[in-house]
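Single-structure report; data block below.
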Number of protein chains: 2
Amino acid sequence: MTDVNFSKSPTAPDSQGAAGPVPRAGEMRWDIIELLFFAYRDFVGDADQELEAFGFGRAHHRVMHFVYRYPGLKVADLLDVLRITKQSLGRVLKQLLDEGYIIQKTGNNDRRQRLLYATPKGEALVAKLAGLQTDRITRALRDINPEGAAAISQFLRAMIDRDDPDKVLEAIFGIGSKKVRE
Amino acid sequence: MTDVNFSKSPTAPDSQGAAGPVPRAGEMRWDIIELLFFAYRDFVGDADQELEAFGFGRAHHRVMHFVYRYPGLKVADLLDVLRITKQSLGRVLKQLLDEGYIIQKTGNNDRRQRLLYATPKGEALVAKLAGLQTDRITRALRDINPEGAAAISQFLRAMIDRDDPDKVLEAIFGIGSKKVRE
DNA sequence: AAGATATGTCAACATGACTGACGTAAATTT
DNA sequence: AAATTTACGTCAGTCATGTTGACATATCTT
């Protein structure tokens, strides 16, 4: 009744419509591709539910998270990290400023800059959401030994593009001696 | 110049605006949370670029992927997997049908069902996109031994909600003896 | 025959992304 | 000192993808 019919596909699996060297299906990492999809879907799903209560979306979460974690982040840095346009960021940032989750401070050296900081209200929101996600991660790591955990960390790092890293990635990869809020 | 000011946050890191037991910052898995964000961002970024050339978006990719991988998937199954509404799926699915990437077949036992299959054109698209993502995964796994790879797989599986698994998750977790296209 | 199910469709709307242009203040370069 | 560049904000318009709720049709189940 809710069964999927897996028998005989009407199209041959080996027929290809594209030119050039197409990778063969047998070499594909379907397993990891799909696990990443589902893992990420449920990982962000934790926060999505909470955010509804605040009238916020994922965009607000991402902004709050990085502002909290990297105090004094500039607007330009945030644009690099989130890879969205000024317009998109502007809308979300304005809401967070208006509702008192984030405050701006004029840069000391460069007065054009607006350095961003989380207010206590903003910190509480970030902590709540990170708590949910940390719970999931901790659960997932429960039966994994330190070597396994190291492999997971190494794998995730290696999945990230390292050409032209932004401010936050530099901190994560320890390129400079950037300090991050613990 | 593009430096981030990490010194003295204007708000105390320990001040909390929320009631109840708030997890302390020191217990948070900021590392994994952020690695997942960046890893997934770049992982889906591979496909996004290619999709532009086809005039498609991520939604089209997700539909194509699961239809290819689980031939004969029903519309209802797809709704479960993608966790979107009928409306949203309908728009995307209609395009893919109209443009010949997917075909429908009426169910054998239940003639109300529309079983979905990828056409050769659709298969080529999925293969192209999966190839890009597989390349990234293979690169990331290059220096990781089999035990590490097992830990990664175990971790990703454990990150996924197991209550009320859909058709595809049942196949992935081998609950039944579902066959999947290799 | 009545009811439940699978799918498709309509209207209306929200969010978060985009482009391109323009303005202002402040820093930097000439 | 003047010209240019940079950092940021904003306006107008568009697009992709998600939402809700209602309703129609064919088909299966009871």
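Within every chain, numbering begins at 1; the chains are lettered A, B, ... in the order of the sequence lines, protein sequences first and strands thereafter.
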What's the spacing between B/Glu34 CD and A/Leu156 CG if we round to 0.5 Å? 12.5 Å
Which part of the nucleic acid, if any, lies within contact of A/Gln95, taking any heavy atom under 4.0 Å across all strands shown: a base, the sugar-phosphate backbone alone, or nothing? nothing
What integer distance in Å separates A/Leu115:CG from D/dC8:P? 8 Å
For B/Tyr68 together with B/Tyr117, are the ring centres under 6.0 Å from each other? no
Heavy-atom contacts, protein to nucleotides 25-30 of chain C, under 4.0 Å, summarised as B (base), S (sugar-phosphate only) or - (none) per nt, yield -BS---
Checking only heavy atoms, does the side chain of A/Lys86 share a donor-acceptor pair with the base of D/dG9 at less than 3.5 Å? yes
First of A/Leu89 and B/Gly90 reached from the 5' end of DNA chain C, by closest nucleotide: B/Gly90
Can you tell me the distance, in whole Å, between the CG atom of A/Leu79 and the P atom of C/dT19? 12 Å
Listed partners of A/Arg111 passing side chain to side chain contact (heavy atoms under 4.5 Å, CB included), at least two apart: A/Thr106
Taking only heavy atoms on the protein side, list every residue of residues 45-62 of chain A lying under 4.0 Å from any atom of DNA chain C, sorted numerically. A/Gly57, A/Arg58, A/Ala59, A/His60, A/Arg62
OP1, OP2 of C/dC18 versus side-chain N and O of A/Thr85: anything below 4.0 Å? yes
Please give, in whole Å, the distance from D/dC8 P to A/Lys94 NZ? 17 Å
Salt bridge present between B/Lys74 and B/Asp80 (N-O < 4.0 angstrom): no
Without decimals, in angstroms, what is the distance between B/Ile102 CD1 and C/dG8 P? 11 Å
Sub-6.0 Å ring centroid separation between B/Phe66 and A/Phe37: yes
How far does CZ of A/Arg41 sit from CG of B/Leu82, to the nearest 0.5 angstrom? 8.5 Å
Whole-Å gap separating P (D/dC8) and NZ (A/Lys105): 16 Å
Exam field: side chain B/Asp42 to backbone B/Gly45, donor-acceptor pair closer than 3.5 Å: no
Taking 4.0 Å as the cut-off, does a side-chain nitrogen or oxygen of A/Ser88 come that near to OP1 or OP2 on C/dC18? yes
To the nearest Å, give me how far apart CG (B/Leu116) and C1' (C/dT7) are. 11 Å
Which comes earlier along DNA chain D counting from the 5' end, the contact point of A/Arg91 or that of A/Arg114, where each point is its nearest nucleotide? A/Arg114
Testing the basics here: between B/Lys121 and B/Glu99, what is the closest heavy-atom pair and its distance to 0.1 Å? NZ-O, 2.7 Å
Does any part of the side chain of A/Phe56, heavy atoms only, come nearer than 4.5 Å to the side chain of A/His61, both counted from C-beta? no
Below 4.0 Å: OP1/OP2 of C/dG8 and any side-chain N or O of B/Gln104: yes
For atom CD1 of B/Ile84 and atom C1' of C/dA14, their distance in whole Å: 16 Å
